[in-house]
Participant: 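Provided herewith is a single structure, encoded as structure tokens, for subsequent inquiry.
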Amino acid sequence: MSEIVDAWVRRLKGKLRPIGEMTHWERMAAAFELRRSDLVPVAPELDYWQITYAGYSHAEIYNDVDKTTDACIRTWADLRTDAIWMYVDISHQIENFIPPEKRPEHFVHRGDKDYLLFKPVAKTIDEAIELYESRAYERYLEGSRAVTHYVPHMLQLLEFQEKMDRIVPVIVGIATPSNYAETLVEVQQFVRWTVTEPKKVKRYLDLALEERLAALDFYAEIARKHGLHFVCLFGGARTWGPRQLREFGYADEIFVQKAVKLFPYVFWHICGHNLPEAMQLLVQWDGIKAVQYDMPYYSQKLSWPEWCESVARLFAGKRCAMNSPTTQTACHGTPEDVRRMVREFLDATLPHTTAVVMPGCEVDSYSPVENVRAMIEEARRKPLP
Amino acid sequence: MEKAERLQKLAQAVLEMDVEGIVPLVEDSLAAGLSPVEILAEGLSAGMRQVGERFKQGEIFMPEVLVSCDVYYRGLEILRPLIRQTGGGPVRGKMIIGTIYGDIHSVGKDVAVPVFQAAGYDVIDLGVDVPDERFVEAIREYEPDIVGLGTYMTSTFMHTRETVRVIEQAGLRDRVKIICGGPAVDPAAARRMGADDASDDAWEAVGKLDRLVEELRAARRSV
Ligand code: B12
Ligand SMILES: [Zn+2]
């Protein structure tokens, strides 16, 4: 029971103007199930952005669960996007690998809108393996931000979802084994080792997988008790080549096989320059309902509509496509640029599959409000075929 | 072994990520009488150019590129002191580079630095999350032609304005050209913020560096 949630429920329940014929939840569910919806859903990953939009600074919410939840609900009540993304930062993910006395060295706060800076937890692959073998993540869990901030914030948002009778889904992000393995040691080291130390990388990934599979049991409990339905799997592997995907993609694949049995609406987040081979893998991994993808890989000389269309054709009958505008355009572009990019994405996608409008990664804190509004309006305006 | 054959082997070692083989190969080439500058420019650096071409063709990918960079560096480590002793080879320009304040992405910079070095630039790497004042100090210390700002996120790309302002306030803006790099950059936006150019592709950026150095030298001549 949370007072902040109850206050919002009292203020909003039964008083919201309907948008379209479906609820936000129904609209998202329809898109995921490749069914027709009344409007194209729009669900930007507002993460850090919503904190400052709601009038808080990052420093202010960092240790304050109520304010974090307040920011997410306040922003949603104002913009009425089709999902609420919980707030996450990198400390939630890795603090429980770091002994309490060392934590201050690993995280640096900057300006009110700036991302948290962090330093890697291990420098060599042997150190990284040792972290897992010694189960550091269990030893240091107590008092880490996973426990003090992330979980209570998630539970508050799910409480809001349930008390509002599921008119709007809450999206909870869960990082995959490859994402953990890379983040703990820095991506550039990890990918080098895939070439120079493939055996150790495999051992390391196996350990990361073991921890992640156990984490899924924890989330399964949350799903049972608190109604977690919409899950974003944050994939790593974003700078891998086809060889790495073939050799090391198994860890994420095993993880996915388990995740899709636990939650009804699972989607995959793959930001950055997407390799065509990675997109093909995501179509093969059964049970993923949608993919939040990003820009084409460097070597693919494709225009934005061509890229969106090629993905939509690949996804036809199999996946819902989530994209547009790019995070870059959301931040640097004009509202007109944003609208054009959303239109191009929808025109290229809707003939082949369903779509959710949202940038390929989190909306940058510095993105102007007009651009986020333009993204939402343009999605709302689009007639469905 | 013919000279041409040796040079080709050196380039090949970079391309094929021969981490172990590169050191003996460089040492053999030196023993056979090839000059350090030749080995670097026509061997290792030629290899780095081929790495770029293969990458753009989609034949190799980021992990391989990074290991090729490591091989290049192993060779360079042997050659650098020798090149210094002999008074250095031809240098196209001097550059300082760093990931801008607030940003810790480094993969792009780790690739860009050897590409610029292989193209004949003397590059000083200031690391990641570099405060604006550090760029000012480094301009005074190294007197570079180019300041490279690694800006890998939209928000940190926008920090360019601030970095340029601090360089300007220090009275150093006219002495250098400033270029941004990273996946989120846009040349027009970079210019609006007071930089001179931007690029999201290190190999393409080499052409831009050459042009900027030329402009700078022309401006210096006309003073
Ligand atoms: C790997 C990665 C990470 C790794 C970084 C590891 C490391 N040590 O570098 C980790 C996991 C740590 C990470 C963290 C974060 N990341 Co990140 N990351 C990426 C990713 C997937 C790949 C970057 C990469 O290495 N690319 C490969 C290199 C070779 O390409 P490149 O950087 O473009 O470099 C090329 C050129 O740009 C050029 N170049 C590079 N430097 C320079 C310099 C000069 C002067 C010149 C001329 C040229 C040049 O040469 C290179 C070769 O051509 C990108 C997605 C993407 N599109 O790139 C996101 C991305 C950069 N990250 C992003 C974000 C949001 C974050 C986080 C904030 C996430 C979070 N919530 O915590 C944090 C940042 C924390 C901080 N304060 O910095 C976003 C930024 C969004 C935006 N537009 O602002 C991106 C773009 C993902 C996205 N949304 O598309 N990330
Ligand atoms: Zn992302």
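Lettering follows sequence order; numbering is per chain, from 1.
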Participant: For the residue pair A:Tyr48 and A:Tyr87, is the inter-centroid distance of their aromatic rings smaller than 6.0 Å?
Facilitator: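 Yes, ring centres under 6.0 Å apart.
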Participant: Quick one: closest heavy-atom pair of B:Ile178 and B:Val164, and the distance?
Facilitator: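 Closest heavy-atom pair between B:Ile178 and B:Val164: CD1-CG2, 4.0 Å.
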Participant: For B:Asp186, is it the side chain, the backbone, both, or neither that has a heavy atom closer than 4.5 Å to a heavy atom of chain A?
Facilitator: neither
Participant: Return yes when atom CD of B:Gln8 has more than 12 non-hydrogen atoms of other residues, nucleotides or ligands closer than 6.0 Å, and no otherwise.
Facilitator: no
Participant: Is chain B contacted by the side chain of A:Phe118, its backbone, both, or neither, given a heavy-atom distance below 4.5 Å?
Facilitator: both
Participant: Tell me, yes or no, whether the heavy-atom count around B:Arg173 atom CZ, taken from other residues, nucleotides or ligands under 6.0 Å, exceeds 12.
Facilitator: yes
Participant: Answer with side chain, backbone, both or neither: which region of A:Thr239 has an atom nearer than 4.5 Å to a non-hydrogen atom of chain B?
Facilitator: both
Participant: In this structure, are over 12 heavy atoms from other groups packed under 6.0 Å from A:Lys113 atom NZ?
Facilitator: yes
Participant: Among the options B:Gln57, B:His105, B:Met17, B:Met62, pick out the one with the most heavy-atom pairs lying under 4.5 Å from chain A.
Facilitator: B:Met62
Participant: Tell me the residues of residues 243-253 of chain A whose non-hydrogen atoms fall below 4.5 Å from those of chain B, in number order.
Facilitator: A:Arg243, A:Gln244
Participant: If we define contacts as heavy-atom pairs under 4.5 Å, which of A:Thr326, A:Thr194, A:Val191 has the most with chain B?
Facilitator: A:Val191
Participant: Measure distances from A:Leu116 to the heavy atoms of chain B and classify the residue's part below 4.5 Å as side chain, backbone, both or neither.
Facilitator: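 Looking at A:Leu116, nothing touches chain B.
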Participant: If you tally heavy-atom pairs under 4.5 Å against chain A, which of B:Asp110, B:Val65, B:Val128, B:Val185 wins?
Facilitator: B:Asp110
Participant: May I ask you to name which of A:Tyr366, A:Phe190, A:Tyr297 has the most heavy-atom pairs under 4.5 Å with chain B?
Facilitator: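 Of the candidates given, the most pairs with chain B belong to A:Tyr297.
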Participant: Under 4.5 Å heavy-atom distance to chain B, tell me which part of A:Arg192 shows up: side chain, backbone, both or neither.
Facilitator: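 Its backbone and side chain both get close to chain B.
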Participant: Check whether B:Tyr101 forms a cation-pi arrangement with B:Arg134 (NZ or CZ under 6.0 Å from the six-membered ring centre, at most 45° off the ring normal).
Facilitator: no
Participant: Check for me whether the distance between the ring centres of A:Trp193 and A:Tyr204 falls short of 6.0 Å.
Facilitator: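 That pair fails the under 6.0 Å test.
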Participant: Hey, is NZ on A:Lys301 packed in by over 12 heavy atoms from elsewhere, all under 6.0 Å?
Facilitator: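 It does: A:Lys301 NZ has more than 12 such atoms within range.
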Participant: Kindly say whether A:Lys123 contributes a backbone atom to a donor-acceptor pair with the side chain of A:Glu127 at under 3.5 angstrom?
Facilitator: yes
